[in-house]
Engineer: 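I am attaching a structure below and will ask some questions about it afterwards.
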Amino acid sequence: MSLNPFDDKATEEQRSQSRSRLIKRNVLFAFCLRGWSGIVYLSLIAVTLKCLGIYENGIWLAISSVIVWIDTMDLGLGNGMRNILASTIALGDNERARQVVSTTFFMLALIVIPLAVLFLSLANGVDMYALLNVDAKRVTDLREVLNVTIAMVCVNFVFKLVGNVYMALQLPAVNTALVTGGQTLGLILTLAIYLSGHSSLMLITLANTMSPLAVYTLAYGITFHKLYPQLRPSIRFFRREALTHLFSLGIKFFIMQVAGLIIFATSNILISNLFSPSEVTNYQVAFRYYSILTLFFTIIATPFWSATTDAFAHGELAWIEKSIKNIMKVIGLVAIGAIGMTAIAQYAYTIWVGDEVSVSLSTNALMALYTLLILFSLAYSTILNGMGKLRLQIIFTVIAAIVFIPYALLFHKPLGMNGVIVAMILANLPGAIVNAWQYRHVMKKARQTQ
């Protein structure tokens, strides 16, 4: 099967049309998948809440932050490989493409061992009950749950590389299918636990960590042994010299991932510690309600990342400019959606999770504003990531991570849980403004050098 979706001898117009057609197919396929994924996602929240109750559910949501932390500890190799592989395929160098995949895969395997040791040591050496403000009498197996979570996620850490390969091939819808498959299996297992009448935090942990691992393991075999054997990781294709390029680009993505994660993941821990695990559930219900907008936006925006890499490699700036205009139109639709979702939020929550969860109008409004800010920033960062222009993003993402916790501590007393959301907005605002400015600056400079 050919790796390059475009004819190397094609004209700029033909490549542009082919690239746009591929994006449309991916978006259409992704909408079908994400529509189902959204149903699964929302159903999983509701069923898990019924299984665990508001208190233990809040604990599980805080523990889920551990999963996100581990997922980002690949030193940016996954996203670095995605950019380099997309560029390599665009230039038709299939041998180097396999070297890039093989080198990334074996480096991830080497990274995960000390990573597992580190997180397991922290889970067993730190008083997690105090950190998460958990009552030991109500939850007796917190440490065991953390150990299982870390072990499962660390194994999945390597195999999820297959998703980055599909994104480099400009087939992000396939990666979406893998994620959705894991979520669907998780929902099936969670439903089985609920119907059995023997719910527990440990069983929910197993259902949610084993499911994506099973899907990615199966996909790994199909992808590299059936569909793309020319990309199959092999120790023979490991190249130490490839690490320099992978790490030089990957470490930039890694810094941004970790900095962004400090805001995303620590918000759960801060709320649990400053208020209670029950408040984590209220916060996450609002966060995940408005994440429907993020889901809608990323379906459309994600294919533009690797497509931009291809377009930038060929110097096709007109296609990039047209793309950002289309993406900003989507932002306008999302803003209208945010207003509508805020107006019906209370009714939606009652239908979705019942009366047990209470989210105020002010929390909904602030979460809507935060979501719109992040998506505006993401619109430009998607294009900048495809170009490999990361320096300013790194600086302002790190600044956001540094100021977030002090902001949260400053505003939590006068504003309660809303203070954490206000801190998220203030921390991310400068970066969103700079992303828009940098895109225009890069495009202007590229035009001048053509």
Side-chain angles (χ1 to χ4, degrees), residues 33-69 71 176 179-180 182-184 186-187 190-191 194 204-205 207-209 211-212 260-261 263-272 275 277-299 334 337-375 378 417-418 420-421 424-425 428:
L33 285 170
R34 290 288 192 175
W36 172 248
S37 176
I39 294 171
V40 171
Y41 182 71
L42 297 176
S43 300
L44 187 57
I45 295 169
V47 176
T48 304
L49 182 58
K50 287 184 179 297
C51 283
L52 299 178
I54 191 170
Y55 188 83
E56 284 196 347
N57 185 68
I59 297 170
W60 165 243
L61 291 171
I63 291 173
S64 298
S65 303
V66 175
I67 298 175
V68 183
W69 272 107
D71 266 352
T176 301
V179 174
T180 303
Q183 291 173 334
T184 302
L187 175 60
T190 303
L191 276 170
Y194 174 67
I204 293 298
T205 298
N208 282 274
T209 56
S211 298
L261 185 60
I263 297 175
F264 173 78
T266 57
S267 60
N268 289 333
I269 297 173
L270 275 171
I271 292 170
S272 182
F275 305 104
S278 297
E279 283 298 309
V280 178
T281 296
N282 293 331
Y283 164 80
Q284 277 292 320
V285 163
F287 180 87
R288 297 190 183 202
Y289 176 65
Y290 286 99
S291 71
I292 295 172
L293 298 173
T294 306
L295 188 70
F296 171 78
F297 179 79
T298 53
I299 287 171
V334 170
I339 295 171
M341 288 180 68
T342 302
I344 65 167
Q346 295 304 324
Y347 301 102
Y349 292 147
T350 300
I351 295 170
W352 176 27
V353 294
D355 298 326
E356 193 173 3
V357 174
S358 176
V359 182
S360 67
L361 176 62
S362 59
T363 297
N364 285 314
L366 286 170
M367 191 62 77
L369 180 60
Y370 168 74
T371 302
L372 289 174
L373 176 66
I374 291 300
L375 296 187
L378 185 61
M417 186 182 71
N418 286 348
V420 176
I421 306 175
M424 292 161 65
I425 294 170
N428 284 284

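Basis for what follows: all heavy atoms, side chains included, without hydrogens, waters or symmetry-related copies.
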Engineer: So, does Q346 use its side chain to make a donor-acceptor pair with the main chain of V359 at under 3.5 Å?
Structural biologist: yes
Engineer: Looking at every non-hydrogen atom in both residues, tell me the closest pair between N418 and S362 and how far apart they are.
Structural biologist: ND2-OG, 2.8 Å
Engineer: Show which side-chain atoms of residues 46-55 pair as donor or acceptor with protein atoms under 3.5 Å away, not counting sequence neighbours.
Structural biologist:
unit_1 : atom_1 : unit_2 : atom_2 : d
T48    : OG1    : L44    : O      : 2.6
Y55    : OH     : D135   : N      : 2.9

Engineer: Any donor and acceptor pair, going by atom type alone, linking the side chain of S360 with main-chain N or O of T363 inside 3.5 Å?
Structural biologist: yes
Engineer: Which heavy atom of S211 sits nearest to which heavy atom of G182, and what is that distance?
Structural biologist: CB-O, 3.3 Å
Engineer: Quick one: side chain to side chain donor-acceptor pair (under 3.5 Å) partners of Y283, sequence neighbours excluded?
Structural biologist: S267
Engineer: Just to verify, what does Y290 make a ring pair (Phe, Tyr, Trp, His ring centres under 6.0 Å) with, not counting sequence neighbours?
Structural biologist: none
Engineer: How close do G186 and T190 get, heavy atom to heavy atom, and via which atoms?
Structural biologist: O-OG1, 2.7 Å
Engineer: Can you name the nearest heavy-atom pair linking L293 to G337, along with the distance?
Structural biologist: CD2-C, 4.2 Å
Engineer: Which heavy atom of I425 sits nearest to which heavy atom of L366, and what is that distance?
Structural biologist: CD1-O, 3.7 Å
Engineer: Does any non-hydrogen side-chain atom of L369 lie less than 4.5 Å from one of L373?
Structural biologist: no
Engineer: Do the side chain of W352 and the main chain of L42 share a donor and acceptor less than 3.5 angstrom apart?
Structural biologist: yes
